[in-house]
Every structure is written in structure tokens, then in C-alpha cells.
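Keep in mind the model is a prediction, meaning the values are calculated, not measured. Here is how names work: the chains are called A, B, and so on, in the same order as the sequence lines, proteins then strands, and each is numbered from 1.
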Amino acid sequence: MIDVRLLRTDADGVRAALARRTKPELLEQIDQASRLDERLREITAERDETRRRVNELSKEVGQLRKAGETDAAETAMATSRSLGESERTLAAEHDTVSEALHQLLLRIPNVPHPDAPDGAGEEDNPLIKGPVNMPAEFPEHQRVPHWESATALGILDNERATKISGAMFTMQRGLGATLARALCQLALDNNADAFEEIRPPTLVTTATLTATGQLPKFADDAYAIERDDLWAIPTAEVPLTSLYSGEVLDEADLPALMMAHTSCFRREAGSAGRDTRGMLRTHEFDKVEILAVATPEQAPELLTMMVARAERTIASLGLPYRIIEICTGDMGQSHHRSYDIEVYAPGCDRWLEVSSISWFSDYQARRGDIRLRRPDKKGTEIAHTLNGSALAVPRVWAAIIENNRQADGSVVIPDVLLPYMRGATVISPK
RNA sequence: GGAACGAUGGCAGAGCGGCCAAAUGCAUCCGCCUUGAAAGCGGAAGGGUUCACGCCCCGGGGGUUCAAAUCCCUCUCGUUCCGCCA
């Protein structure tokens, strides 16, 4: 949620910043929010003045009663009673306008960082680094899509996953399952020096899913368990961001760095038929997420640090990769600045997004009410949040299967994963 | 799932419907005292919103009343007991 006060003091600045997202309808929404805010302030002032008089009169009633002046007390009560009527009307109007403004603000995206590159969409995302580890050409045996080679190796059994749970669910078996878990372990171990490991719940309340920005706008993309009013998390970002919601953190305790390995659940509504093969897009997958709650000053450096950490893990696997920055037209609604790491998969001949690292400025923290207190300052301020995937399993798994495929059809396991593979060094055909 | 009790400031814990933003203790900060500290003494100190006056905040929501931390309803969470259970 953007700061309404910013809208008040610098409406033109907000307009200009959001115009960079190249969504014309946003500007209309901002104007509407400004109008609602103005109206809200008028009503609030009027309501508060009425309340002040009621409070005043009520005190008088008490004093008059005590003094035995019953008639005067009755008069004051009558006045207060009629004021109470108008107070109720004003309060109702206040609540209506306030709710309308709130709903509108929930849907207005974050302002992009001044240095975020301009652009209309995906095609304008600038390349920041790479390609790294990219061979001049790939031998024919690497040009096999993982859904074919992995199925042949017996480590991917999507046919049975579909039987059990329906389309777009996957299942790894044997060393394939071990490999998936090894990737998570690697990502956790690579970040354990700085990040506290958390094992959060994967079912969360509506309030929690709203705080991170998934609701109300993306309700169709999340699995809902209606009977209990719970939602399955699409990413560990959701519970981790809300870990400190409603709390005031001491500046000395920041940044709070957390990581978690969880299943992630996505309905992928609207993407039926796209990327449905193999492990490119699935309803349930494993991911290791890293996340920071920080002061505004700490945030830029943390963003760099988190990108570097995600990169280091990908690089250590020996996969061809590149880093791109997300331009204003392609940025997610909560993002302030954002980078993607992509891995090349020769079998499907595609760059696969395997990590997305973003700085949310105070957008999420305002929704989630995460604040910080400075030692010498009165009051509190809204914290900043950042998060990113340290490693998302399916696409990295797929890229390993394709990139490490040998001429005989076997797949060599990257060295950094060997400690987690129970002695296996290669996945061979049966 | 059933029953009883509970939820108040950083923590603990008072609080006859009006004198309650809220006692007291601990913790914190600033003085005094001391070579320095502890103890003792004196003082300061909640959050949100507003340019400000003010308004709002005693788990959330609703109600009664001129007036609610206080009464009523409801939800959530916690504790204890019973039941069920991997």
C-alpha cells in the first residue's frame, strides 16, 4: 500500500512515478484516491468535532448530577443525545468512504524505484549480467527436454502425479526426489550464515495473504480452503513477511534475515495450456525463500546482497545463467525494484526464471503493519521488506537434467550436491 | 468437539459506568548521592492520526448509555478439565 500522505503532499510525484508502469488506468485510480482522501478528511474533522462536544457534555452531566442540578443535567443530556444522532450519521459516512479508499489503495501498485529501468513489458528488461557458463554450442544429447529424459530415467513420473492430483502436478522418484531435496538443502546451507531458518505454516488466514499483496487482486491464483477460511501459500514470502506483522521492531534488531523451505501452491489460473510440460509450471513445488525486514537505509545494500546470494547458488551448480533487471512495465504490483535470475535449459531451448529478488520499500510493511523504532526518535516508522527465491526447485532441477545429460543418457550430479546424494554421483538409465 | 476461566502499557498486574491514557511493581532514560557502581532519593517516558485544537486506541467486531477498560452480544486467541486422535 502506498502512503496516502505522499498522495496528499506530492500527488504529481506519485502520478509521475506510477506513470512509468505504463498502465493508464492507474492515473485515474490515483485521482480517485485523492478525491476520496480529501472527502474523508472533511468528514473526519466534522465527526471529531461532534465527538468532542459529546465528550464535553457527558463530563458536564456527571458534574451537574453530582452538584444536584438535575434540570441542567437533563438539558445537557438532551443536547448530547441529538448530537449523538449526527455523530452516528457522520461516523457511518466516514466508514463508507474510508473503506472505499482502503479498497482502492489495496489495488494501487507500489511506486518504482527512481533507478528502475523504464519499459513497457518483458521485452524491455535489461540484461545486467551474463550469459555466464554459456557454452558456444550444445551437443545433441543435451537437446532433449527433461520431461522426456527424466521420465526415461525413471526419476520423473508425471503420469502418476496426474492420476493422483490432476493436471500440472509433478512427482519425482528415486534419485530425482533426492536431487530435489538436495537442492533445497544446498540453498539453505548456503544462506545459513546470515539467515535464520524458519519452518512456517503453509496455510494462512485471509489477513495474512492480504498483507503481502496477493489479496484481493490475485485471489484466483491461490488455493482456498473455504470451510476454514484458510489459503495455501503461493510462496514462503507470505508467512515470513507476516511473521512480525503488527509488531514494532527495534532498529538494533534489523535487518531481520529469515529463510524457509516450503511447498508453494499456485492455481496458475489463466495459464492453462502454457508451459504445461514437465516441471516448468506446476501447482505445487518446493522453494527456498530468503527474506529481510530492514530499515529504509539498509534496503539497497540488502537487495544487492540477496541477488549475489541467489546467483552464487545457481553459479555453483555450473548452470548457464543470466541476470536481468525488471523494468517498470513488467514489475509486480508490490515491487519497488526487482531482479530475475534465469537459467538456460538446452532441452527446451529456453531461459527459465529460477529466482526473483525484490525490494518492496514500505509497501508490504504498511499493509502488514510492520514498524521500527529508533533509539533517539519519538514514534515509529514503517519498515522495508525484501525477498527472493534462494532457489526454486523445479526449474533448476529441469535445467540440471538437461545441461548435465551425457551421451549415454545419464545425468551427472553437480559436485556441490554430492554431499546430499547418499553417495550417488550420476543418475544412470536402468 | 464439550465445559470453565481469562485477554489492560516493554513485562507483571490493579481498575465502584463519569474524577481513567489508565494505579502499583519490575525494566528503561535523566538528574542527585558516590572515586566509580549498586542501593537510596527526585524526575521523565505509550501508540495512531491531525498544521494545530482535537479525535481514536484497554484482544477484534457489534450493541446499550448523555457517558464504556468497566454492562450485553459475538468472534478470535490463551489456560485448565473432559472427549477424540497420527
Side-chain angles (χ1 to χ4, degrees), chain A residues 1-11 33-34 36-105 199-211 215 225-231 239 242-254 256 362-363 365-383:
Chain A
M1 205 152 53
I2 60 167
D3 190 352
V4 218
R5 278 170 293 184
L6 199 61
L7 203 55
R8 238 174 257 157
T9 53
D10 184 21
S34 285
L36 282 172
D37 179 51
E38 202 174 323
R39 176 85 189 109
L40 184 63
R41 298 178 68 198
E42 284 169 19
I43 301 168
T44 308
E46 206 176 333
R47 184 202 62 181
D48 287 356
E49 175 58 19
T50 313
R51 281 185 178 173
R52 187 186 66 73
R53 295 209 48 208
V54 169
N55 289 344
E56 212 171 63
L57 282 166
S58 296
K59 279 204 175 117
E60 274 177 43
V61 170
Q63 284 158 1
L64 290 168
R65 278 258 178 86
K66 204 173 278 178
E69 298 179 42
T70 331
D71 289 351
E74 286 298 331
T75 313
M77 279 167 67
T79 314
S80 184
R81 204 174 298 138
S82 68
L83 279 171
E85 288 295 318
S86 45
E87 192 274 341
R88 263 189 290 282
T89 313
L90 287 165
E93 196 180 351
H94 169 275
D95 292 350
T96 309
V97 175
S98 169
E99 180 58 20
L101 176 60
H102 185 69
Q103 285 304 321
L104 189 58
L105 286 173
R199 177 44 254 227
T202 39
L203 300 182
V204 299
T205 62
T206 298
T208 300
L209 203 64
T210 306
L215 294 179
I225 296 147
E226 288 180 28
R227 186 162 72 161
D228 298 298
D229 191 27
L230 289 169
W231 302 77
S242 287
L243 208 90
Y244 291 119
S245 71
E247 299 189 27
V248 182
L249 304 168
D250 286 329
E251 186 186 12
D253 294 332
L254 300 180
D362 59 4
Y363 189 87
R366 181 171 292 105
R367 284 178 169 225
D369 189 26
I370 307 168
R371 288 171 295 152
L372 68 100
R373 193 195 315 277
R374 316 232 190 210
D376 299 323
K377 270 180 135 179
K378 216 175 147 51
T380 59
E381 63 186 281
I382 310 286

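Between A/R53 and the phosphate of B/C66, there is no side-chain N or O to OP1/OP2 separation shorter than 4.0 Å. Between B/A67 and A/R51, no contact under 4.0 Å exists linking OP1 or OP2 to a side-chain N or O. Contact annotation: A/R52 does not reach the phosphate of B/C55 (side-chain N/O to OP1 or OP2, under 4.0 Å). In this structure, A/R5 reaches the B/U50 phosphate: one of its side-chain N or O atoms is under 4.0 Å from OP1 or OP2. For B/C51, the OP1/OP2 oxygens have a side-chain nitrogen or oxygen of A/R41 closer than 4.0 Å. Taking 4.0 angstrom as the limit, A/N55 places none of its side-chain polar atoms (N or O) nearer than this to OP1 or OP2 of B/G18.
For the C1' atom pair drawn from B/G6 and B/G13, the interatomic distance equals 14 Å after rounding to whole Å. B/A22 and B/A68 are spaced 14 Å apart, taking the C1' atom of each and rounding to whole Å. One P atom belongs to B/U79, the other to B/A69, and the distance between them is 28 Å to the nearest Å. With C1' as the reference atom, B/U65 and B/G78 are 31 Å apart, rounded to whole Å. Taking atom P on both nucleotides, B/C73 is separated from B/C5 by 12 Å, rounded to a whole Å. Between the P atoms of B/U28 and B/A38, the separation comes to 10 Å (whole Å). For the P atom pair drawn from B/G62 and B/C11, the interatomic distance equals 25 Å after rounding to whole Å. Rounded to whole Å, the separation between the P atoms of B/U70 and B/G17 comes to 11 Å.
Between A/E87 atom CD and B/G63 atom P the separation is 11 Å, expressed in whole Å. Here B/U49 presents its C1' atom at 14 Å from CZ of A/R366, a figure rounded to the nearest Å. Atom-to-atom, CD of A/E46 to C1' of B/C53 comes out at 16 Å; the value is rounded to the nearest Å.
Listed nucleotides B/G47, B/C66, B/G54 differ in distance to A/T380; the shortest reach to its side chain belongs to B/G47. Comparing B/A67, B/G47, B/C19 by their closest approach to the side chain of A/S58 singles out B/A67.
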Using residues 56-72 of chain A as the side-chain source, report each donor-acceptor pair under 3.5 Å to any protein atom, sequence neighbours left out, with the distance given to one decimal.
residue	atom	partner	partner atom	Å
A/E56	OE2	A/R52	NH1	2.7
A/S58	OG	A/V54	O	2.9
A/T70	OG1	A/G68	O	3.4

Got a list of side-chain donor-acceptor pairs under 3.5 Å for residues 80-91 of chain A, not counting sequence neighbours?
residue	atom	partner	partner atom	Å
A/S82	OG	A/T79	O	2.8
A/E85	OE2	A/R88	NH2	3.2
A/S86	OG	A/L83	O	2.9
A/E87	OE2	A/R51	NE	2.7
A/E87	OE2	A/R51	NH2	3.2
A/T89	OG1	A/E85	O	3.1

For A/T205 and A/D229: C-alpha separation, side-chain torsions, deciding distance, then whether side chain to side chain donor-acceptor pair (under 3.5 Å) applies.
CA-CA 6 Å; A/T205 62; A/D229 191 27; over 6 Å; no
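Note on A/G84: nothing from the nucleic acid sits closer than 4.0 angstrom, heavy atoms only.
No hydrogens or angles were tested; on distance alone, a donor-acceptor pair under 3.5 Å links the side chain of A/R65 to the base of B/G18.
Between A/R47 and A/E42 there is no salt bridge, since none of the side-chain N atoms of the basic residue sits less than 4.0 Å from a carboxylate O of the acidic one.
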